[in-house]
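Below: one structure, written as structure tokens.
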Amino acid sequence: MAAQIRSKVTVKSEGPKLVPFFKATCVYFVLWLPTSSPSWFSALIKCLPIFCLWVFLLAHGFSFLGAHASARKILAGLIFSALGDAFLIWQEQGYFEHGLLMFAITHILYSSAFGMKPLNVAAGMVITGVSSLSYILLYPYLAGPFTYLVGVYIALIGFMGWRAVAGLQLANDLWTWTKLSACLGAVLFMVSDLTIAVNKFCFPVPHSRAIIMATYYAAQMLIALSAVECQDVGVARKAARCP
């Protein structure tokens, strides 16, 4: 019952704040600017949905961000994500590693925001298995610095995924919609980045750009939504007390 109340509050209170994000995402897919001709305009269009997620979090007020460290960390992660997106526009000009570093910092910030409780060792073992298998499959195609850079990156995004999945407690109605958002967002982020790695290092993935960007934007939106839990829980409790 409590989860249902939270879901109703979410649709009503958070949905309208995400309208700019959905519009910016549509602009990106409608324009579909060629990646062969990188420019500051194409970087702006790619980063615009992430900028809208900055605004989404800022719309909850500076007092909210000041009171909740996890929300600030997710906002910081979104800022580094936008920098990573910009670098990847020029990845063929030698900026792929720069983008990798920006997203590595993003995953560290997200992991810190999700916290270390509950530990959920089982989830950690599953994510470790998936991450290890991913690196084993990629390893024969890696050379030079990427041999260890990709390994470190997989470890960081795997750790982030573990902390997001660990927070989801489905038993006894302990879950919240924001924990579910964090979990789904982390999984989609891992799918997006694995697609990038396979497409770049192994073999061309059909419709790779569409898969990468659709899962990436969905992941970032869901992770941004997970930042508003503290505020939403308070609203839900008020709604539950109303007759």
Side-chain angles (χ1 to χ4, degrees), residues 17-59 65 71-113 144-146 148-150 152-157 160-161 185-186 188-201 204-205 207-227:
K17 299 186 185 77
L18 286 170
V19 169
F21 165 80
F22 288 120
K23 289 183 176 179
T25 302
C26 288
V27 168
Y28 173 84
F29 283 103
V30 169
L31 292 181
W32 203 243
L33 298 173
T35 57
S36 57
S37 302
S39 65
W40 285 108
F41 180 69
S42 59
L44 173 64
I45 294 301
K46 184 181 181 184
C47 295
L48 193 58
I50 306 303
F51 294 159
C52 291
L53 292 177
W54 298 2
V55 176
F56 167 75
L57 289 180
L58 291 170
L65 290 172
R72 295 196 301 273
K73 291 172 183 175
I74 288 177
L75 177 59
L78 289 168
I79 292 172
F80 278 100
S81 293
L83 291 172
D85 284 332
F87 278 124
L88 291 182
I89 287 288
W90 286 278
Q91 61 178 291
E92 299 302 326
Q93 285 71 38
Y95 288 95
F96 182 80
E97 294 89 339
H98 299 73
L100 201 67
L101 174 61
M102 294 300 103
F103 280 110
I105 295 172
T106 294
H107 296 317
I108 292 171
L109 288 165
Y110 286 170
S111 299
S112 180
F146 286 115
Y148 58 86
L149 287 177
V150 171
V152 171
Y153 186 85
I154 288 176
L156 288 174
I157 193 173
M160 184 274 291
L188 286 174
F189 216 135
M190 295 175 72
V191 170
S192 180
D193 280 2
L194 181 59
T195 306
I196 290 175
V198 171
N199 188 68
K200 182 174 180 65
F201 299 112
V205 177
H207 310 294
S208 60
R209 185 181 172 192
I211 295 170
I212 290 165
M213 297 311 299
T215 51
Y216 170 69
Y217 285 141
Q220 293 284 37
M221 179 197 70
L222 290 166
I223 290 173
L225 271 171
S226 75

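None of the values given here were measured: they were computed from a predicted structure.
- Between Y153 and D193, some side-chain heavy-atom pair lies under the 4.5 Å cut-off.
- For an aromatic pair to be called close, the ring centres must be under 6.0 Å apart, and F56 with F21 fails this.
- A donor-acceptor pair under 3.5 Å is formed between the side chain of S81 and the backbone N or O of G77.
- Without hydrogens or angle criteria, S37 side chain to P34 main chain gives no donor-acceptor distance under 3.5 Å.
- Looking at heavy atoms from C-beta onward, Y110 lies in side-chain contact with L78 at the 4.5 angstrom threshold.
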Output, in order, the C-alpha distance, side-chain angles, deciding distance and verdict of ring pair (Phe, Tyr, Trp, His ring centres under 6.0 Å) for F189 and Y216. CA-CA 6 Å; F189 216 135; Y216 170 69; 5.6 Å; yes
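- Taking the six-membered ring for Trp and the full ring otherwise, the centers of W32 and F29 sit less than 6.0 Å from each other.
- For the pair E97 and F146, the minimum side-chain heavy-atom distance is below 4.5 Å.
- Q220 is not listed as a side-chain neighbour of P49, based on a closest heavy-atom distance of 4.5 Å or more.
- Between the W54 side chain and the L75 main chain, no donor and acceptor come within less than 3.5 Å of each other.
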Step-by-step side chain to side chain contact (heavy atoms under 4.5 Å, CB included) determination, V150 to F201: CA-CA 10 Å; V150 171; F201 299 112; 3.9 Å; yes
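- Checking side-chain atoms of S208 against main-chain N and O of P204 turns up no donor-acceptor pair under 3.5 Å.
- You'll find the side chain of L149 reaches within 4.5 Å of the side chain of L100, heavy atoms only.
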Test T35 against I89 for side chain to side chain contact (heavy atoms under 4.5 Å, CB included), laying out the working first. CA-CA 7 Å; T35 57; I89 287 288; over 6 Å; no
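- Here the shortest heavy-atom pairing between A86 and C47 reads N-SG, 4.0 Å.
- Considering only heavy atoms from C-beta on, S226 comes within 4.5 Å of I74 through its side chain.
- Using a distance-only test at 3.5 Å, with no hydrogens or angles considered, no donor-acceptor pair links the side chain of D85 to the main chain of K46.
- Using a 4.5 Å heavy-atom cutoff, the side chains of L44 and F51 are in contact.
- Remark: K200 is positioned above the aromatic ring of F96, its terminal NZ or CZ atom under 6.0 angstrom from the ring centre and at most 45 degrees off the axis.
- Using cut-offs of 30° and 60° for the angle between ring planes, the F87 and Y95 rings count as parallel.
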